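Keep in mind that what you see is a predicted model, and the values were worked out from it rather than measured. First listed ligand is number 1; within each ligand, the first listed atom is number 1. The residues of the chain are indexed from 1 along the displayed sequence.
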Amino acid sequence: MIHFYIDKSLDLIESRYIEYVSHKFGIPISYQQPETSFFLVWEDQRVALQSSQYKKPIVVNFESDQLLYRTKHNQGELIVKAINLKKYNQIWDATAGLGKDSFLLASFGAEVTLFERNPIIAALLWDGIQRARNNKSIVDIMQRIHFIYGSILDDDLTLPKLPEVIYLDPMFPERRKSAQVKKEMTFLQKVVGEDSDYGTLFARARALNIPRIVVKRSKLAPAIDNISANFSVKGQSTRFDIYLNHH
Ligand SMILES: C[S@@+](CC[C@H](N)C(=O)[O-])C[C@H]1O[C@@H](n2cnc3c(N)ncnc32)[C@H](O)[C@@H]1O
(Lines give C-alpha, C1' and ligand atoms only; values in the text may rest on other atoms or scores of the structure.)
Protein backbone atom coordinates (compact mmCIF):
# COMPACT_ATOMS: atom_id res chain seq x y z
CA MET A 1 0.00 0.00 0.00
CA ILE A 2 1.32 3.43 -0.98
CA HIS A 3 1.49 6.01 1.84
CA PHE A 4 1.62 9.77 2.00
CA TYR A 5 4.98 10.33 3.68
CA ILE A 6 5.34 13.53 5.69
CA ASP A 7 8.93 14.28 6.65
CA LYS A 8 8.75 17.95 7.55
CA SER A 9 6.74 20.28 9.65
CA LEU A 10 3.72 21.64 7.88
CA ASP A 11 1.61 24.68 8.56
CA LEU A 12 -2.04 24.30 9.39
CA ILE A 13 -3.28 24.86 5.84
CA GLU A 14 -0.86 22.30 4.41
CA SER A 15 -1.76 19.75 7.09
CA ARG A 16 -5.46 20.21 6.43
CA TYR A 17 -4.92 19.90 2.69
CA ILE A 18 -2.95 16.67 3.02
CA GLU A 19 -5.48 15.23 5.46
CA TYR A 20 -8.19 16.05 2.93
CA VAL A 21 -6.30 14.36 0.06
CA SER A 22 -5.50 11.36 2.26
CA HIS A 23 -9.14 10.98 3.25
CA LYS A 24 -10.59 11.61 -0.22
CA PHE A 25 -8.42 8.96 -1.88
CA GLY A 26 -7.95 6.61 1.07
CA ILE A 27 -4.17 7.05 1.25
CA PRO A 28 -2.71 6.55 4.75
CA ILE A 29 -0.35 9.20 6.13
CA SER A 30 3.00 8.04 7.46
CA TYR A 31 5.61 9.98 9.41
CA GLN A 32 8.30 7.39 8.84
CA GLN A 33 9.83 6.67 5.46
CA PRO A 34 7.73 3.84 4.03
CA GLU A 35 9.50 0.69 2.93
CA THR A 36 7.53 0.54 -0.31
CA SER A 37 9.25 1.66 -3.51
CA PHE A 38 6.73 4.44 -4.04
CA PHE A 39 5.18 7.03 -1.79
CA LEU A 40 3.52 10.41 -2.03
CA VAL A 41 5.28 13.45 -0.62
CA TRP A 42 4.46 17.12 -0.23
CA GLU A 43 7.06 18.99 -2.23
CA ASP A 44 7.10 22.61 -3.43
CA GLN A 45 3.48 22.95 -2.37
CA ARG A 46 2.47 20.04 -4.56
CA VAL A 47 1.53 16.41 -4.13
CA ALA A 48 4.34 14.40 -5.72
CA LEU A 49 4.94 10.72 -6.28
CA GLN A 50 8.40 9.75 -5.18
CA SER A 51 10.24 6.58 -5.84
CA SER A 52 13.36 5.08 -4.39
CA GLN A 53 14.35 4.22 -7.98
CA TYR A 54 13.68 7.42 -9.89
CA LYS A 55 15.18 10.74 -8.92
CA LYS A 56 12.55 12.96 -10.44
CA PRO A 57 9.21 12.80 -8.66
CA ILE A 58 5.99 12.80 -10.67
CA VAL A 59 3.61 15.70 -10.30
CA VAL A 60 0.69 16.79 -12.41
CA ASN A 61 1.69 20.15 -13.78
CA PHE A 62 -0.70 21.70 -16.26
CA GLU A 63 1.39 24.86 -16.06
CA SER A 64 4.48 23.25 -17.60
CA ASP A 65 6.05 25.12 -20.53
CA GLN A 66 6.05 21.99 -22.64
CA LEU A 67 2.32 21.41 -22.24
CA LEU A 68 1.45 25.08 -22.63
CA TYR A 69 3.50 25.21 -25.82
CA ARG A 70 1.44 22.37 -27.23
CA THR A 71 -1.79 24.17 -26.35
CA LYS A 72 -0.66 27.29 -28.21
CA HIS A 73 0.77 25.60 -31.26
CA ASN A 74 -1.63 22.98 -32.45
CA GLN A 75 0.78 21.44 -34.89
CA GLY A 76 -1.67 18.89 -36.07
CA GLU A 77 -2.14 17.17 -32.70
CA LEU A 78 -3.25 13.71 -33.75
CA ILE A 79 -5.61 13.38 -30.84
CA VAL A 80 -7.55 16.45 -31.95
CA LYS A 81 -8.00 14.87 -35.35
CA ALA A 82 -8.85 11.47 -33.89
CA ILE A 83 -11.55 12.90 -31.65
CA ASN A 84 -12.77 15.22 -34.45
CA LEU A 85 -12.99 18.29 -32.30
CA LYS A 86 -14.48 20.25 -35.17
CA LYS A 87 -17.60 18.19 -34.83
CA TYR A 88 -17.60 16.98 -31.21
CA ASN A 89 -16.71 18.73 -28.02
CA GLN A 90 -18.32 16.65 -25.26
CA ILE A 91 -15.66 14.13 -24.31
CA TRP A 92 -15.16 11.55 -21.60
CA ASP A 93 -11.57 10.58 -20.96
CA ALA A 94 -12.31 7.24 -19.26
CA THR A 95 -8.63 6.58 -18.45
CA ALA A 96 -7.38 9.99 -17.35
CA GLY A 97 -3.94 9.12 -15.91
CA LEU A 98 -1.95 12.31 -15.45
CA GLY A 99 -4.50 14.21 -17.50
CA LYS A 100 -2.27 15.43 -20.32
CA ASP A 101 -4.48 14.27 -23.17
CA SER A 102 -7.55 15.74 -21.47
CA PHE A 103 -5.83 19.03 -20.85
CA LEU A 104 -4.82 19.29 -24.49
CA LEU A 105 -8.34 18.53 -25.63
CA ALA A 106 -9.78 21.10 -23.22
CA SER A 107 -7.25 23.68 -24.41
CA PHE A 108 -8.62 23.25 -27.93
CA GLY A 109 -12.16 23.85 -26.71
CA ALA A 110 -13.43 20.42 -25.61
CA GLU A 111 -15.54 19.94 -22.50
CA VAL A 112 -13.84 16.96 -20.86
CA THR A 113 -14.91 14.70 -18.01
CA LEU A 114 -11.96 12.73 -16.67
CA PHE A 115 -12.32 9.38 -14.89
CA GLU A 116 -9.41 7.96 -12.92
CA ARG A 117 -9.75 4.99 -10.60
CA ASN A 118 -6.24 4.54 -9.21
CA PRO A 119 -6.12 6.43 -5.87
CA ILE A 120 -2.49 7.54 -6.21
CA ILE A 121 -2.86 8.79 -9.76
CA ALA A 122 -6.20 10.36 -8.85
CA ALA A 123 -4.58 12.22 -5.92
CA LEU A 124 -1.84 13.58 -8.19
CA LEU A 125 -4.37 14.58 -10.82
CA TRP A 126 -6.78 16.18 -8.38
CA ASP A 127 -3.95 18.20 -6.82
CA GLY A 128 -2.74 19.34 -10.26
CA ILE A 129 -6.27 20.45 -11.13
CA GLN A 130 -6.61 22.49 -7.91
CA ARG A 131 -3.37 24.36 -8.60
CA ALA A 132 -4.15 24.96 -12.25
CA ARG A 133 -7.55 26.41 -11.36
CA ASN A 134 -5.76 29.18 -9.51
CA ASN A 135 -3.64 30.09 -12.52
CA LYS A 136 -5.34 32.93 -14.37
CA SER A 137 -3.71 32.13 -17.71
CA ILE A 138 -5.36 28.69 -17.89
CA VAL A 139 -8.46 29.17 -15.80
CA ASP A 140 -10.71 29.06 -18.88
CA ILE A 141 -9.24 25.69 -19.90
CA MET A 142 -9.70 24.37 -16.36
CA GLN A 143 -13.37 25.35 -16.43
CA ARG A 144 -13.83 22.74 -19.14
CA ILE A 145 -12.15 20.00 -17.06
CA HIS A 146 -14.38 17.91 -14.78
CA PHE A 147 -12.74 15.25 -12.68
CA ILE A 148 -14.41 12.12 -11.34
CA TYR A 149 -12.63 9.71 -9.01
CA GLY A 150 -13.80 6.34 -10.24
CA SER A 151 -14.48 4.40 -13.37
CA ILE A 152 -17.26 4.19 -15.93
CA LEU A 153 -17.24 0.52 -14.91
CA ASP A 154 -18.29 1.30 -11.32
CA ASP A 155 -21.82 0.15 -10.56
CA ASP A 156 -22.28 2.71 -7.82
CA LEU A 157 -21.21 5.69 -9.90
CA THR A 158 -23.95 7.91 -11.26
CA LEU A 159 -22.69 8.79 -14.68
CA PRO A 160 -23.09 12.37 -15.88
CA LYS A 161 -24.79 13.26 -19.17
CA LEU A 162 -23.42 11.05 -21.92
CA PRO A 163 -20.70 12.56 -24.12
CA GLU A 164 -20.26 12.48 -27.89
CA VAL A 165 -16.87 10.80 -27.70
CA ILE A 166 -15.22 8.43 -25.22
CA TYR A 167 -11.45 8.33 -25.25
CA LEU A 168 -9.60 5.26 -23.93
CA ASP A 169 -5.89 5.02 -23.20
CA PRO A 170 -5.50 2.18 -20.69
CA MET A 171 -2.19 0.57 -19.69
CA PHE A 172 -2.16 -2.21 -22.20
CA PRO A 173 0.04 -5.08 -21.04
CA GLU A 174 2.38 -4.85 -24.04
CA ARG A 175 3.30 -1.27 -23.20
CA ARG A 176 5.77 -2.66 -20.71
CA LYS A 177 7.86 -4.09 -23.45
CA SER A 178 7.95 -1.04 -25.64
CA ALA A 179 11.35 0.63 -25.74
CA GLN A 180 9.69 3.89 -26.63
CA VAL A 181 7.69 4.42 -23.48
CA LYS A 182 8.88 7.49 -21.72
CA LYS A 183 10.31 7.41 -18.23
CA GLU A 184 7.22 8.92 -16.73
CA MET A 185 5.07 6.23 -18.32
CA THR A 186 7.35 3.47 -17.02
CA PHE A 187 7.06 4.96 -13.56
CA LEU A 188 3.30 5.09 -13.94
CA GLN A 189 3.14 1.50 -15.12
CA LYS A 190 4.87 0.38 -11.96
CA VAL A 191 2.30 2.15 -9.81
CA VAL A 192 -0.83 1.33 -11.78
CA GLY A 193 0.14 -2.07 -13.13
CA GLU A 194 -1.68 -3.40 -16.14
CA ASP A 195 -5.24 -2.45 -16.90
CA SER A 196 -6.07 -6.01 -17.84
CA ASP A 197 -9.80 -5.27 -17.88
CA TYR A 198 -9.45 -2.99 -20.93
CA GLY A 199 -11.78 -5.31 -22.89
CA THR A 200 -14.56 -4.78 -20.35
CA LEU A 201 -13.94 -1.05 -20.45
CA PHE A 202 -14.19 -1.00 -24.24
CA ALA A 203 -17.36 -3.09 -24.17
CA ARG A 204 -18.89 -0.74 -21.58
CA ALA A 205 -18.00 2.31 -23.69
CA ARG A 206 -19.56 0.73 -26.76
CA ALA A 207 -22.71 -0.22 -24.87
CA LEU A 208 -23.30 3.45 -24.11
CA ASN A 209 -24.15 3.96 -27.79
CA ILE A 210 -22.43 7.28 -28.29
CA PRO A 211 -21.27 8.47 -31.73
CA ARG A 212 -17.54 7.84 -31.40
CA ILE A 213 -14.96 5.92 -29.37
CA VAL A 214 -11.25 6.57 -29.74
CA VAL A 215 -8.63 4.12 -28.48
CA LYS A 216 -4.96 5.03 -28.23
CA ARG A 217 -2.60 2.23 -29.21
CA SER A 218 1.07 1.96 -29.92
CA LYS A 219 1.60 2.04 -33.66
CA LEU A 220 2.03 -1.67 -34.34
CA ALA A 221 -0.17 -3.08 -31.58
CA PRO A 222 -3.27 -5.09 -32.50
CA ALA A 223 -6.67 -3.41 -32.22
CA ILE A 224 -8.27 -3.54 -28.78
CA ASP A 225 -9.74 -7.01 -28.25
CA ASN A 226 -8.89 -7.57 -31.94
CA ILE A 227 -11.98 -5.59 -32.93
CA SER A 228 -11.21 -3.68 -36.11
CA ALA A 229 -11.67 0.06 -36.02
CA ASN A 230 -13.56 1.99 -38.68
CA PHE A 231 -10.34 3.86 -39.34
CA SER A 232 -7.16 4.99 -37.62
CA VAL A 233 -5.12 8.17 -37.30
CA LYS A 234 -1.44 7.27 -37.25
CA GLY A 235 1.58 9.05 -35.87
CA GLN A 236 5.20 8.06 -35.54
CA SER A 237 4.80 5.80 -32.55
CA THR A 238 1.12 6.11 -31.72
CA ARG A 239 -2.08 5.17 -33.43
CA PHE A 240 -5.63 6.24 -32.60
CA ASP A 241 -8.30 3.71 -33.54
CA ILE A 242 -11.70 5.21 -34.19
CA TYR A 243 -14.95 3.30 -33.71
CA LEU A 244 -18.06 4.94 -35.08
CA ASN A 245 -21.61 4.28 -34.12
CA HIS A 246 -23.88 4.87 -37.06
CA HIS A 247 -27.18 4.20 -35.31
C1 LIG B 1 -1.86 5.17 -19.81
S2 LIG B 1 -2.61 6.01 -18.49
C3 LIG B 1 -3.44 7.33 -19.29
C4 LIG B 1 -2.55 8.48 -19.68
C5 LIG B 1 -3.33 9.69 -20.08
N6 LIG B 1 -3.94 9.51 -21.38
C7 LIG B 1 -2.49 10.95 -20.05
O8 LIG B 1 -2.54 11.73 -21.02
O9 LIG B 1 -1.83 11.22 -19.03
C10 LIG B 1 -3.95 4.95 -18.06
C11 LIG B 1 -4.70 5.39 -16.81
O12 LIG B 1 -6.03 4.92 -16.91
C13 LIG B 1 -6.47 4.49 -15.65
N14 LIG B 1 -7.55 3.51 -15.89
C15 LIG B 1 -7.47 2.34 -16.56
N16 LIG B 1 -8.65 1.72 -16.64
C17 LIG B 1 -9.53 2.54 -16.00
C18 LIG B 1 -10.92 2.47 -15.76
N19 LIG B 1 -11.64 1.41 -16.16
N20 LIG B 1 -11.51 3.47 -15.09
C21 LIG B 1 -10.79 4.54 -14.66
N22 LIG B 1 -9.45 4.67 -14.86
C23 LIG B 1 -8.84 3.68 -15.52
C24 LIG B 1 -5.24 3.90 -15.01
O25 LIG B 1 -5.36 3.87 -13.60
C26 LIG B 1 -4.15 4.85 -15.51
O27 LIG B 1 -3.92 5.90 -14.61
Side-chain angles (χ1 to χ4, degrees), residues 2 25-27 38 40 47 49 58-62 64 66-68 70-71 77-80 82-83 91-108 110 112-129 132 141 145-160 163 165-178 180-208 213-218 221 224-225 233 235 237-241:
I2 297 182
F25 300 104
I27 304 166
F38 298 100
L40 290 181
V47 176
L49 178 64
I58 287 197
V59 291
V60 168
N61 183 13
F62 294 126
S64 81
Q66 194 201 11
L67 203 53
L68 292 179
R70 285 177 69 185
T71 65
E77 288 281 354
L78 291 179
I79 189 167
V80 170
I83 301 275
I91 322 289
W92 280 2
D93 179 350
T95 55
L98 300 176
K100 283 186 189 163
D101 289 332
S102 277
F103 182 78
L104 273 181
L105 291 170
S107 77
F108 296 122
V112 192
T113 301
L114 294 75
F115 296 82
E116 175 53 55
R117 68 177 170 188
N118 180 285
I120 302 297
I121 307 299
L124 292 168
L125 182 55
W126 184 84
D127 174 65
I129 292 174
I141 301 177
I145 295 240
H146 315 280
F147 171 68
I148 293 179
Y149 174 38
S151 167
I152 64 166
L153 291 174
D154 293 347
D155 290 333
D156 54 352
L157 191 75
T158 312
L159 292 174
V165 184
I166 296 183
Y167 173 60
L168 304 176
D169 175 25
M171 290 286 185
F172 287 103
E174 86 276 353
R175 262 188 201 250
R176 282 175 182 284
K177 293 169 204 133
S178 161
Q180 280 164 343
V181 287
K182 283 185 259 151
K183 255 204 175 140
E184 191 173 82
M185 215 22 107
T186 321
F187 198 151
L188 216 66
Q189 277 173 346
K190 296 223 162 103
V191 176
V192 174
E194 289 169 6
D195 293 320
S196 47
D197 59 348
Y198 61 83
T200 318
L201 180 64
F202 182 58
R204 171 78 173 127
R206 289 196 103 186
L208 292 172
I213 295 168
V214 176
V215 183
K216 188 180 190 176
R217 300 297 279 125
S218 53
I224 189 166
D225 260 1
V233 172
S237 57
T238 311
R239 188 182 85 228
F240 293 94
D241 287 345

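Between L78 and G235, the shortest heavy-atom contact is CD1-CA, 3.3 Å. Contact between L114 and A96 at its shortest, heavy atoms only, is CB-CB, 3.7 Å. I224 approaches R217 most closely through the heavy-atom pair N-NE, 4.0 Å.
Contacts between A94 and ligand 1, counted as non-hydrogen atom pairs separated by less than 4.0 Å, involve the backbone only. The side chain of D195, and not its backbone, has at least one atom closer than 4.0 Å to an atom of ligand 1 (non-hydrogen atoms only; side chain from C-beta on). At a heavy-atom distance under 4.0 Å, atoms from both the backbone and the side chain of D101 approach ligand 1.
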Quick one: side chains of residues 117-127, donor-acceptor pairs under 3.5 Å with protein atoms, not counting sequence neighbours, listed by atom name and distance.
residue	atom	partner	partner atom	Å
R117	NH1	D197	OD2	2.8
R117	NH2	D195	OD1	3.2
R117	NH2	D197	OD1	3.0
N118	OD1	I120	N	3.0
N118	OD1	I121	N	3.1
D127	OD1	Y17	OH	2.5
D127	OD2	V47	N	2.9
D127	OD2	R131	NE	3.4
D127	OD2	R131	NH2	2.6

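The aromatic rings of Y167 and F240 are tilted relative to each other, their planes meeting at an angle between 30° and 60°. Ring geometry, F147 versus F25: the interplanar angle falls from 30° to 60°, so the pair is classed tilted.
Within ligand 1, counting atoms from 1 as listed, the ones closer than 4.0 Å to a heavy atom of N118 are 25 (O). Set against the non-hydrogen atoms of G150, the atoms of ligand 1 under 4.0 Å away are 21 (C). Short contacts between ligand 1 and L201, defined as distances under 4.0 Å to a heavy atom of the residue, involve ligand atoms 19 (N). Listed by number with element, the atoms of ligand 1 under 4.0 angstrom from any heavy atom of A96 are 5 (C), 7 (C), 9 (O). With ligand atoms numbered from 1 in the order given, ligand 1 contributes 19 (N) to contacts under 4.0 Å with heavy atoms of L153.
Note: no N/O pair closer than 3.5 Å links Y167 and ligand 1 by distance alone. At under 3.5 Å, a nitrogen or oxygen of L98, whether backbone or side chain, sits near a nitrogen or oxygen of ligand 1.
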Next item on the list: Apply side chain to side chain contact (heavy atoms under 4.5 Å, CB included) to F115 and L157, showing your working.
Entry: CA-CA 11 Å; F115 296 82; L157 191 75; 3.8 Å; yes

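Taking each of T95, L114, L124, I152 in turn, the one with a heavy atom nearest to atom 3 (C) of ligand 1 proves to be T95. The heavy atom nearest to atom 6 (N) of ligand 1, out of those in V191, D169, V60, L168, is found in D169. Selection from E116, K100, M171 by nearest heavy atom to atom 11 (C) of ligand 1 gives E116.
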